[in-house]
There are 2 protein chains.
Amino acid sequence: MSLKLAMLGFIDMMPMSGYDLKKYFDSSVQFYWAATHSQIYRTLREMEQENLLTVEIINQTEFPNKKVYQITDKGKQTLTKWIMQSPELPPVRHKLLVQLSWSDRLKTEDIIKLLEAYSEQIQNRLDIYNSAQQTSIAELGRTKRERLLWRALQDNGITAYNAELDWARRTIEKLKKH
Amino acid sequence: MSLKLAMLGFIDMMPMSGYDLKKYFDSSVQFYWAATHSQIYRTLREMEQENLLTVEIINQTEFPNKKVYQITDKGKQTLTKWIMQSPELPPVRHKLLVQLSWSDRLKTEDIIKLLEAYSEQIQNRLDIYNSAQQTSIAELGRTKRERLLWRALQDNGITAYNAELDWARRTIEKLKKH
DNA sequence: ATATACTAGTACACATGTATACTAGTTAAT
DNA sequence: ATTAACTAGTATACATGTGTACTAGTATAT
């Protein structure tokens, strides 16, 4: 449902192809709702069958032909309905925590190495979030309030990853003191 | 893989049935790696075929018969290998953020209601994390260091949800000032 | 007396996500 | 001259996760 929601939102901004959608996903929502191209093309076909979208085949000479999807009235109504759905807690799938659960069989230094490697990954992600490019995406919002919202989405990632980084450092300290 | 890792870890503590496993999942790892009973029973069969586990059917008179699974040597080796795997960033599937992405079509008060409903969910989750029951689970660790680790897992959840709660409140304030 | 919850599983169907291979022309780089 | 990257999609297999129905006996509650 959320994949369809995200896709509908983009297509509502502007009619576009699956190929375009994939690029928009990768440059914006990727960090809180990633999608592969297989998923996107499959879901476009589904949404067309559900009459949320209509297709038009655009013939191109220099490039392969493309299918441009447009949102229908039913699609717009569905979009609004989904946006207002009561929010749920994001499901967590935290592999590192599972690893740590059973890591008592490792040497303390190896547990610390796990946490340090993890911290590095987080730091890389934070670097991307703080990059000028990410910031400028939020400024593409169509209204002042939409820009405020998009900045809040970016803030969410930065806040969450900073908390995670703090936690990793605290945990490393506790292991060292132990 | 992580499901198998989590299951192997439990069975390595003590031979047990799928039914037992489900209960352990629900009372401990559930918040960072949830599993349904369908998934657990299916995966037990797979792991037996891969020679990570052996089964023994225990006949019971007052209850249905049960299948008790035990870890093999290969299972123990695999467990250690998986624990040491280089950590990855947890994939994020944050539906609320997708909703907020396209929420500019709502009234500001309705966006705030979304964020408030979300905060409530987080608060509920935090209450569970802070409950005496959750705390005592960490104290069941078999060694001092394992207890330290299990407390760190609990700390991870508390830290992450507090950060999320702070973010939601900040975002509500920004929307109100707007 | 009846309904509910617990124990312990099997069997499916379906939804969602991932990974690759394939086609096929165009442009840019080494 | 050849390789790589870009555009735009199809096809398919597989992995993972969710939901529900079914069996069947025991214990507890109303």
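A, B, ... follow the sequence lines: proteins, then strands. Residue 1 opens every chain.
The side chain of A:Q39 contributes no N or O atom lying less than 4.0 Å from OP1 or OP2 of C:dT16. An OP1 or OP2 oxygen of C:dA8 is reached within less than 4.0 angstrom by a side-chain nitrogen or oxygen of B:Q60.
Mapping B:F63 and A:K67 onto DNA chain D by nearest heavy atom places A:K67 closer to the 5' end of the strand.
Side-chain contact between B:K174 and A:D155 is present, with heavy atoms from C-beta onward closer than 4.5 Å. The shortest side-chain heavy-atom distance between A:N124 and A:I122 does not fall under the 4.5 Å cut-off. Here the side chains of A:L149 and B:S103 are in contact, with some heavy-atom distance below 4.5 Å.
Residue B:E62 is in sugar-phosphate contact alone, with no base atom involved, counting any heavy-atom pair closer than 4.0 Å across all strands shown. If you check every strand for non-hydrogen atoms under 4.0 Å, A:R45 touches sugar and phosphate atoms only.
Residue side chain B:S38 reaches the base of D:dG19 through a donor-acceptor N/O pair under 3.5 Å, judged by distance alone. No N or O donor and acceptor, one from the side chain of A:H37 and one from the base of C:dT18, sit under 3.5 Å apart.
The pair A:E139-A:R151 meets the salt-bridge criterion, with a side-chain N (NZ, NE, NH1 or NH2) lying under 4.0 Å from an Asp/Glu carboxylate O.
The closest donor-acceptor contact from the side chain of B:T72 to the backbone of B:G75 lies under 3.5 Å.
As rounded to whole Å, 10 Å separates atom C1' of C:dA15 from atom CE of A:M1. What separates CG of A:N59 from C1' of C:dG25 is a distance of 15 Å, to the nearest Å.
Note that the CZ atom of B:F31 and the CZ atom of B:F25 stand 14.0 Å from one another [nearest 0.5 Å].
Using bins of under 30°, 30° to 60° and over 60° for the plane-to-plane angle, the ring pair B:W150/A:W102 lands in the perpendicular bin. Relative ring orientation between B:Y161 and B:Y129 is described as tilted, the plane-to-plane angle lying within the 30° to 60° band.
Tested against A:F10 for a ring-ring contact (aromatic ring centres under 6.0 Å, His included), the candidates A:Y69, A:Y24, A:W33 yield a single pass: A:Y24.
For A:Y41, whose side chain is taken as the heavy atoms from C-beta onward, the closest listed nucleotide among C:dT18, D:dG17, D:dG9 is D:dG9.
Near-neighbour residues of DNA chain D inside residues 2-31 of chain B, defined by a heavy atom below 4.0 Å, are absent. Listed in residue order, the members of residues 81-98 of chain A having a heavy atom less than 4.0 Å from DNA chain C come to none.
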